[in-house]
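Presented below is the structure to which this report refers.
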Amino acid sequence: MKRALPIFTVLLVLLIAIAASNPYFLEPPGFLAFLKRAAPLAILAAGQYFVIVAGEFDLSVGSLVTVEVVVAARLIDGDDSATWPVLALLIVIGLLVGLANGVITTALAVPSFITTLGMMLILSGAVFLWTGGAPRGALSEGFRAFGREELGPIPWSVLILLVVGAVAILLMRADFGRTLIAAGDNRRAASLSGVRVHRATIFAFAISGLSAAIAGILLGGFAGVSAQIGQGLEFQAITAVVLGGVVLGGGRGSVVAAMAGALTLEALFTLLNLHGISGALEFTVQGVIIIAAVAVGAVRLPFRPGASISPPMLKTKETP
Amino acid sequence: MLTMTGIGKSFLGVRVLRDVDLSVAAGEVHAVVGENGAGKSTLMKILAGVHAPDEGRIEIDGGPVSFGHPLDAQRGGVAIIYQEFNLLPERSVAENVFLGREPVRRGLVDRSAMEKATAELLDGLGVHSFRPRDLVRRLSVAQQQVVEIVKALSQNARIVVMDEPTAALAEHEVELLYRLVRRLQERGIAILYISHRLREVFDLADRVTVLKDGARVTTVPTAEVDTDELVRLMVGRELRDYYPPRAEPGSAGEALLSLRKAGNDRLRDIDLDLRAGEIVGIAGLQGSGRTELAKAIFGAEPFTHGEMTPLRPRSVRAAVRAGIGLVTEDRKAEGLALRQSVRDNALLVTRATGRGGGRSVKDLLAAVRISPPRPDQEVRYLSGGNQQKVVLAKWMTVAPKVLLFDEPTRGVDVGAKAAIHELMRGLAADGMAIMMISSELPELIGMSDRVVVLRDGAIAGELPAGPTEEAVMRLAAGEVAA
């Protein structure tokens, strides 16, 4: 938790800065609108967290979000009665893609960076092939409600975000989460303690796939159908997680901080927007953040009191 | 030809060599022996120019030399043949021999000159089993060793250091090596021969230098000592450490784990019983299969044949579920998730396997005497001794029936060492079967109710409680007990 503190400070400062230029932000509807906009990214960040803390990457979530939205539009095609079956199908697609990523990474020992990069290209290509560049069909009102309607004063997406956050926290406190993070820290030690490292990793990828499905459902409702809807989301999610102080390579960081990282990123974009700075700068900002966050983490890490006092020579086995 | 005088070396304040003298004459085979950690490798690395000595002089042919880099040593006529060969498997023998020094004609590598020169060197050694054009990866280990020797000769080496040259060789290949060593000797090359196999020392060497704890014990002509004398010189020290009292003789309970003819590619024909209440020490030299035995019982590198009861585990999980635990040799690489808390590490096994549990972490930490007990602290900030106690706590959560310890006190301070010894004895007294591997003979002898000695992946013999170090070393080094 100590490590998670900085991100909350940064988030608070940004929120105050936004409120200073836009007082409406302080009122419940204004703040809820911000959370509603940030919800898909925060959910993606939560999913990405599980993969990163296990020492892997998931670059396929952006394309997966696009797939979810495009498939939903085509299959529902404005027919409200198709909403629930299609929702179920979307969840299954998310889980299956995550499962494939996990199995390829563990069983075939393909580095996850490559596995999910490949998956990203495969999904993008499939979407293009299937739509010819312009998605057809339309989402139903029922479907879009999740992304843009409210339950009383609270947007659905904020409620869903809260549920996802709660489940993620519970998972990380459960045996699964503790063994997953231990495996991300030291795979060999975990495996020699009886942890099924492969299974845990596959599960982490499935969670990431599921989070992409949920994020896709919310985004489709919020922003409507487009073949570019998920573009760049994988990098935003990774940036958010890293911004939350989660260490690339695994073994360290909290899921709450990762989600706070997503809110921070969204707040930053909002602030830039308020000050009339071009949205085109978003990528540049992300790039700077991701490098800076990792660099700060790297500078801190080597200082491990008592970690390695003995010189390497003494550690090597002497032969008699 | 070579004289090293007063060589001293420290690494970060730890003296690993002090005031070591060593000389070797042309045509002499001079053996260097000593226990693990006696300083043999460091001494050879100084001669090879890998490390610079803090004190002392090196002279070759009466002139002082200083090797700041391995290349300096090579130019000075010193060649080292390491246990691990430095050959490129996809290149030919000749290319390896002349690596980095290829003869050039008109700007191109002169292959035929290279191959001719290599062939002459091979002829000179009487080796005809392979040719200069053969790819190194197609050669046997013994043949690769020959390539290393030819490489040394091609560099006009006059001092050849051989580090455990027979470690990787089969019995019949050792004969070939002997012949080669004698040929080198005839040519007036000085040979430093490092080995822990005393038989070879007596077979080959003219003189032998014994190192112990970084200092030279003595240098004697091999004709003037016998095996017993040499072993005594190598290990001779007083048993001054205190160990908890052993179990009553004959008090060991039923066998909780039995091996019959068990083996895999590193181990063969292992017959071993681990009984309740007993600590069995496993002795053996580096590479004798000690760690492999523990990993095999633990299912990490499983046995492929033979019997093991209650079951022959094919995975770590199966072993853990059968009540077997392993405290690994290298706790940082294999024992702990360093960035996780004491609590998370202590609970890792029970969380992973769903066994055990029920004991509070506070309770556990008190039981293994971690002081102060701070469950939320990251393990990497703990001392070596406390880290090892966390590993122990990790296994105690699942109450194993059999607990294997691989170098349980490596890198821990004296106080923690005594505490770990007492904990081990306490666990045995509570009915656990304990197997302990240790390179430290006094510890092994002090702790064990019996000592099983491994050599070359098989059991070389078993000794009752409290054997002498000489007896253990003799079995480990392959000498027949008198």
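First the proteins, then the strands, lettered A, B, ... as listed; each starts at 1.
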(request) Using a cut-off of under 4.5 Å on heavy-atom pairs, state which of B:Thr353, B:Leu336, B:Asn345 scores highest against chain A. (result)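 If we count pairs closer than 4.5 Å to chain A, B:Leu336 comes out on top.
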
(request) Under 4.5 Å, counting heavy-atom pairs only, tell me which of B:Val32, B:Asp344, B:Val320 racks up the most with chain A. (result)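 If we count pairs closer than 4.5 Å to chain A, B:Asp344 comes out on top.
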
(message) Less than 4.0 angstrom from a charged side-chain N to a carboxylate O is my criterion; do B:Glu334 and B:Lys295 meet it?
(response)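 Yes, this pair counts.
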
(message) Taking the basic N atoms (NZ, or NE/NH1/NH2) and the acidic carboxylate oxygens, is any pair closer than 4.0 Å for A:Glu56 and A:Arg187?
(response)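 Yes, this pair counts.
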
(message) For a 4.5 angstrom cut-off between non-hydrogen side-chain atoms, does B:Val161 reach B:Ile81?
(response)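 No, every pair of side-chain atoms sits at 4.5 Å or beyond.
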
(request) Determine whether B:Ser288 and B:Asp456 make a side-chain contact, defined as any pair of heavy atoms from C-beta on separated by less than 4.5 Å. (result)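 The answer is no; the side chains never approach within 4.5 Å.
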
(message) Using heavy-atom distances under 4.5 Å, tell me whether B:Thr328 contacts chain A through its side chain, its backbone, both, or neither.
(response)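 Side chain of B:Thr328 only, per the 4.5 Å heavy-atom cut-off to chain A.
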
(request) Below 4.5 Å from any heavy atom of chain A, which atoms of B:Ala318 appear? Answer side chain, backbone, both or neither. (result)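 Neither part.
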
(request) Ignoring hydrogens and angles, state whether a donor on the side chain of A:Ser112 or A:Asp58 is under 3.5 Å from an acceptor on the partner side chain. (result)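 No - no donor-acceptor pair under 3.5 Å links their side chains.
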
(request) Tell me, out of A:Asp185, A:Leu192, A:Asp175, A:Asn186, who's got the most heavy-atom pairs with chain B below 4.5 Å. (result)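 Option with the greatest count: A:Asp185.
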
